Amino acid sequence: MMLEMASSNTVIQSLVPDAVRGRVMAVYTMMFMGMAPFGALLAGALAARFGAPATVAAGGALCVAAAGVFRWRLPALRVEARRMIVALQMAAGEPAEQPTGGARRWTAASPEAAC
């Protein structure tokens, strides 16, 4: 799970332009963490119907099957991810041309301050 989280985070942040990176990560985090209650609800319903040991065994089998599918598709995913990173000129660990976090200072004279 930690490997998946770190890999997903790295790929997403590498492929997303600096201007929208914060927004994309906010949506990613909301979806990742926001799905946990639905999974818990489903697991609870299945455990009430079939029993906790059967539910845990089915969840484990589903995880093993998903890992197998991921392993089978990994070479193609690697090629596509590398192609996208190279297209964005971010290959070989080169830093982005513009620094992230280019927050603008708000002053009373700026037009946005009147809003």
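Note that the coordinates shown come from a computational prediction; the quantities given were computed from them, not determined experimentally.
- The minimum heavy-atom distance linking Met25 with Asn9 is given by the pair CE-OD1, 3.0 Å.
- Judged as a side-chain contact (heavy atoms from CB on, under 4.5 Å), and not counting sequence neighbours, the contacts of Val27 are Met31.
- Taking CZ of Arg73 as the start and CZ of Arg78 as the end, the distance is 14.0 Å to the nearest 0.5 Å.
- In the hydrophobic clustering of ILVMFWY residues, with side-chain heavy atoms under 4.5 Å counting as a link, Tyr28 and Val20 come out together.
- Cluster membership for Leu46 and Leu41, using ILVMFWY side-chain heavy atoms within less than 4.5 angstrom, is not shared.
- One hydrophobic cluster, built from ILVMFWY side chains closer than 4.5 Å, cannot hold both Leu77 and Val11; they sit in different ones.
- In terms of the side-chain contact (heavy atoms from CB on, under 4.5 Å) criterion, residue partners of Ser7 (sequence neighbours excluded) are, by chain and number, Leu3.
- The distance from atom CE of Met35 to atom CG of Leu42, rounded to the nearest 0.5 Å, is 10.0 Å.
- Side-chain contact between Phe32 and Ser8 is absent, with no heavy atoms from C-beta onward closer than 4.5 Å.
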